[in-house]
Amino acid sequence: MRTLKKIGRRGFLRKFLLGAVTTIVTVLKPFSGSLYIAQARFNFWRSSEYVGKTREGRYKTFYIQYYKPFRRIERMGWRLKVRGLCEKPQEFSLEALKALPRIKQTSRIKCVECWSAKAEWEGFSLLDLEKAVQPRPEVLGVIFRCADTYVEYLSLKEMHHERTLLVHTMNQEPLSDEHGFPMRVIIPFKYGYKSPKAILEIEFVDRPKRGTWTQIGPYSTDGTILPGYDHPLDQGKKRRRIFGGEIRD
Ligand SMILES: Nc1nc2c(c(=O)[nH]1)N[C@H]1C(S)=C(S)[C@@H](COP(=O)(O)O)O[C@H]1N2
Ligand SMILES: [Mo]
């Protein structure tokens, strides 16, 4: 009789504890418990889960332009969405894009706000992406939409120029978040604002669209580099004359 009673009490205790644990887990679930903490700690060590304007400080060889901070792009979840006026709209993983025929070039980014900086870029031509998605005959150009909601338009003619690239690699490394991970445009005969970074989407369109930067400042929608002055960061910002178009050194 005594033993039976004991077992009964033990059973009750076990049930009670199980119930208590279940309640605690249910209550804490919305906070995602340890997963949330682990993630926060991880992001702390990567400094921030946001990429923002970092023009001063760490970046001496290049200035960084993002007009708005945005949530860091995770490599695994990212797909380049290609849509609009094409026969086969589809999404591409970074691996698929890296497998396209590669083109390397050293060229300079010239910001309309005067500075310029040089790097070795590696990527591919839009022409090779077009083989897969098959744009319709009426297509005039493409709209790029970026992680910071930056928008830019380039005509097919500009995109097919032999110096225009879609790049994933900079100085033999994957693009950093600051320079536009996972993919950006490089178009050295135009001001930097025509080279959208952190691209999420390419849309084939039959009419031009005004880009973000020309809505912010008094700059041309065309963006071709005009004769004027340059302050190359790699040459101590020493002022020099430029004559329009790509700066070749
Ligand atoms: N998504 C996005 N891309 C962008 C911009 C931006 O604000 N957002 N700024 C542009 C401008 S004005 C310049 S000069 C170049 C600078 O490139 P960098 O940050 O790699 O130096 O990025 C261009 N691409
Ligand atoms: Mo710029």
Side-chain angles (χ1 to χ4, degrees), residues 48 50-74 78-81 94 105-123 126 141-154 158-159 163-203 209-226 228-235 237 242 244-247:
S48 162
Y50 288 94
V51 185
K53 273 195 91 162
T54 46
R55 199 173 159 148
E56 292 89 24
R58 289 199 285 149
Y59 301 94
K60 295 199 174 74
T61 53
F62 249 95
Y63 288 155
I64 309 295
Q65 292 279 23
Y66 274 121
Y67 97 109
K68 207 154 94 171
F70 63 95
R71 199 174 276 275
R72 210 173 276 282
I73 293 176
E74 297 298 336
W78 181 85
R79 293 285 180 281
L80 174 70
K81 195 183 274 178
L94 187 53
Q105 93 183 12
T106 299
S107 58
R108 193 171 277 286
I109 289 182
K110 163 73 179 159
C111 176
V112 72
E113 293 180 317
C114 261
W115 62 272
S116 77
K118 204 160 70 172
E120 187 199 85
W121 311 97
E122 193 175 350
L126 182 70
V142 286
I143 296 170
F144 293 94
R145 294 198 177 79
C146 309
D148 58 346
T149 73
Y150 194 83
V151 174
E152 190 48 89
Y153 166 86
L154 284 161
E158 292 163 329
M159 285 308 298
R163 297 290 283 173
T164 307
L165 292 180
L166 289 161
V167 316
H168 45 65
T169 304
M170 175 184 181
N171 297 330
Q172 296 92 46
E173 304 270 351
L175 279 177
S176 64
D177 293 319
E178 286 73 18
H179 285 297
F181 179 84
M183 195 189 85
R184 74 176 297 167
V185 172
I186 286 297
I187 181 160
F189 48 97
K190 304 235 173 218
Y191 291 119
Y193 64 83
K194 295 296 281 189
S195 70
K197 304 189 290 183
I199 296 168
L200 301 179
E201 188 182 293
I202 298 179
E203 185 188 359
K209 187 179 172 73
R210 203 157 163 206
T212 304
W213 196 252
T214 63
Q215 294 173 39
I216 296 171
Y219 306 116
S220 74
T221 49
D222 171 74
T224 299
I225 299 175
L226 299 173
Y229 293 96
D230 180 33
H231 296 77
L233 298 180
D234 50 320
Q235 295 167 34
K237 299 193 203 172
I242 54 167
E246 179 174 354
I247 305 167

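In each ligand, atom 1 is the first atom listed, and ligand 1 is the first ligand listed.
With sequence neighbours left out, the side chain to side chain donor-acceptor pair (under 3.5 Å) criterion links Ser116 to Arg108, Asp230. Not counting sequence neighbours, Arg79 has no partner by the salt bridge (charged side-chain N to carboxylate O under 4.0 Å, His left out) test. Under the rule for a ring pair (Phe, Tyr, Trp, His ring centres under 6.0 Å), Tyr153 has no partner lying at least two apart in sequence or in another chain.
Distance check: Tyr50 OH to Arg71 CZ gives 3.5 Å after rounding to the nearest 0.5 Å.
Cation-pi geometry between Lys197 and Tyr150 is not satisfied (NZ or CZ under 6.0 Å from the ring centre, within 45° of the ring normal).
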Anything under 3.5 Å between an N or O on ligand 1 and a protein N or O? List each pair with its distance, or write none.
from     : atom 1 : to     : atom 2 : distance (Å)
ligand 1 : 1 (N)  : Asp148 : OD1    : 2.9
ligand 1 : 1 (N)  : Asp148 : OD2    : 3.4
ligand 1 : 1 (N)  : Lys197 : O      : 3.1
ligand 1 : 3 (N)  : Lys197 : N      : 3.0
ligand 1 : 7 (O)  : Tyr67  : N      : 2.8
ligand 1 : 8 (N)  : Asp148 : OD2    : 2.7
ligand 1 : 17 (O) : Arg184 : NH2    : 3.3
ligand 1 : 19 (O) : Gln65  : N      : 3.0
ligand 1 : 19 (O) : Lys197 : NZ     : 2.4
ligand 1 : 20 (O) : His179 : ND1    : 2.7
ligand 1 : 20 (O) : Arg184 : NH1    : 2.8
ligand 1 : 21 (O) : Tyr63  : O      : 2.4
ligand 1 : 24 (N) : Ser195 : O      : 3.0

Does Thr149 form a side-chain contact (heavy atoms from CB on, under 4.5 Å) with Phe70? I'd like the steps, not just the answer. CA-CA 9 Å; Thr149 73; Phe70 63 95; over 6 Å; no
